[in-house]
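Atoms within each ligand, like the ligands themselves, are counted from 1 in listed order.
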Amino acid sequence: MAPAMTDERADRRDELAANLDAVHERVRTACTAAGRDPEGITTIVVTKTFPASDVRLLAGLGVTEVAEAREPEASEKVQQCRDLPVRWHCVGRVQRNKARAVAGWADVVHSVDSARLATALSRGAEYHGRGIDVLVQISLDGDPARGGASADDVPALADAVQDLPGLRLAGVMAVAPLGVDPRTAFGTLREIADRLRAGHPGADVVSAGMSADLEAALASGATHLRVGSAILGTRPPLQ
Ligand SMILES: *Cc1c(COP(=O)(O)O)cnc(C)c1O
């Protein structure tokens, strides 16, 4: 039998369970409003800044999709959670010199915005003998400093990813820009996703929507949500 949980762990488990229920309810309500089937939506839980013990509790609550954002935190946490049946997503910006490390643990990388990064990830995937699903991250505000390829660059980048060993082109990802109605931004993303899928039928993932804007994302065709604070609580500010 598993050892008994401390009261603190049991309290945290209950808190995570209640937050997961609330998010699933939001997803159901938004899908109903959009005439979509909630079974087709994948909620990825973003655990960055939270401890491996939270990933363990989430897995115990049935969570199977977990995201991390930064090295070396991600590699360390994945290592501590190797026994858990979860799929790992990388949603943060990947520096090229970290690509090999990320390729060692990520099943899906959401943040590929250049052919140079795709090439580095492909080399990393081959080094580790792994296959990685890749989403092309799209900049919806035209500010490349925040990451993401411009819409014009998507076709060439998608072809590059498709041709690289160890990578599979799986779809697109975006973060809604600040100060813009997320419905407008996600509507643009949907158009880009539709164009990509016309040439690459297997690239059917649309990763959009976070704690604050998942309803807008679901209204615009998101298939994968990336939810952190609504499930785990407020993160400490980035240093
Ligand atoms: C942190 C992060 C999230 C989760 O954000 P919340 O607002 O906490 O839900 C989603 N996507 C990306 C790219 C992130 O870095």
If we number the atoms of ligand 1 from 1 as shown, the ones under 4.0 Å from a heavy atom of M173 are 13 (C)
Scanning both residues in full, the closest heavy-atom pair of R56 with C81 reads NH2-CA, 3.9 Å
State whether E73 and K48 are salt-bridged, where the test is any N-O pair (Lys NZ or Arg NE/NH1/NH2 against Asp/Glu carboxylate O) under 4.0 Å. no
Among all protein non-hydrogen atoms, which one is nearest to atom 15 (O) of ligand 1, and what is the separation to 0.1 Å? K48 NZ, 2.6 Å
Atom 10 (C) of ligand 1 - nearest protein heavy atom and its distance: M210 SD, 3.3 Å
Presence of salt bridge, R197 and D204, under 4.0 angstrom: no
What heavy-atom pair brings K77 and T47 nearest, and what distance separates the two atoms? NZ-O, 3.0 Å
Do side-chain atoms of R36 reach the backbone of L218 as a donor and acceptor pair under 3.5 angstrom? yes
For atom 13 (C) of ligand 1, grab the closest protein heavy atom and report residue, atom and distance to one decimal in Å. V91 O, 3.4 Å
Consider every N or O of A69 and every N or O of ligand 1, then say whether any pair is closer than 3.5 Å. no
Examine distances only and state if a side-chain atom of T188 and a backbone atom of T184 form a donor-acceptor pair shorter than 3.5 Å. yes
Report the nearest protein non-hydrogen atom to atom 11 (N) of ligand 1: residue, atom name, distance rounded to 0.1 Å. R226 NE, 2.9 Å
Quick check on side chain to side chain contact (heavy atoms under 4.5 Å, CB included): which of T42, I41, V227 does V27 satisfy it with? I41
For R235, which part has a heavy atom under 4.0 Å from ligand 1: side chain, backbone, both, or neither? side chain
Checking heavy-atom distances from atom 6 (P) of ligand 1 to each of S211, G92, A230, the winner is S211
Any heavy atom of R70 under 4.0 Å from ligand 1? The part involved is neither
Just jot down the ligand 1 atoms closer than 4.0 angstrom to any heavy atom of V227, in number order. 9 (O)
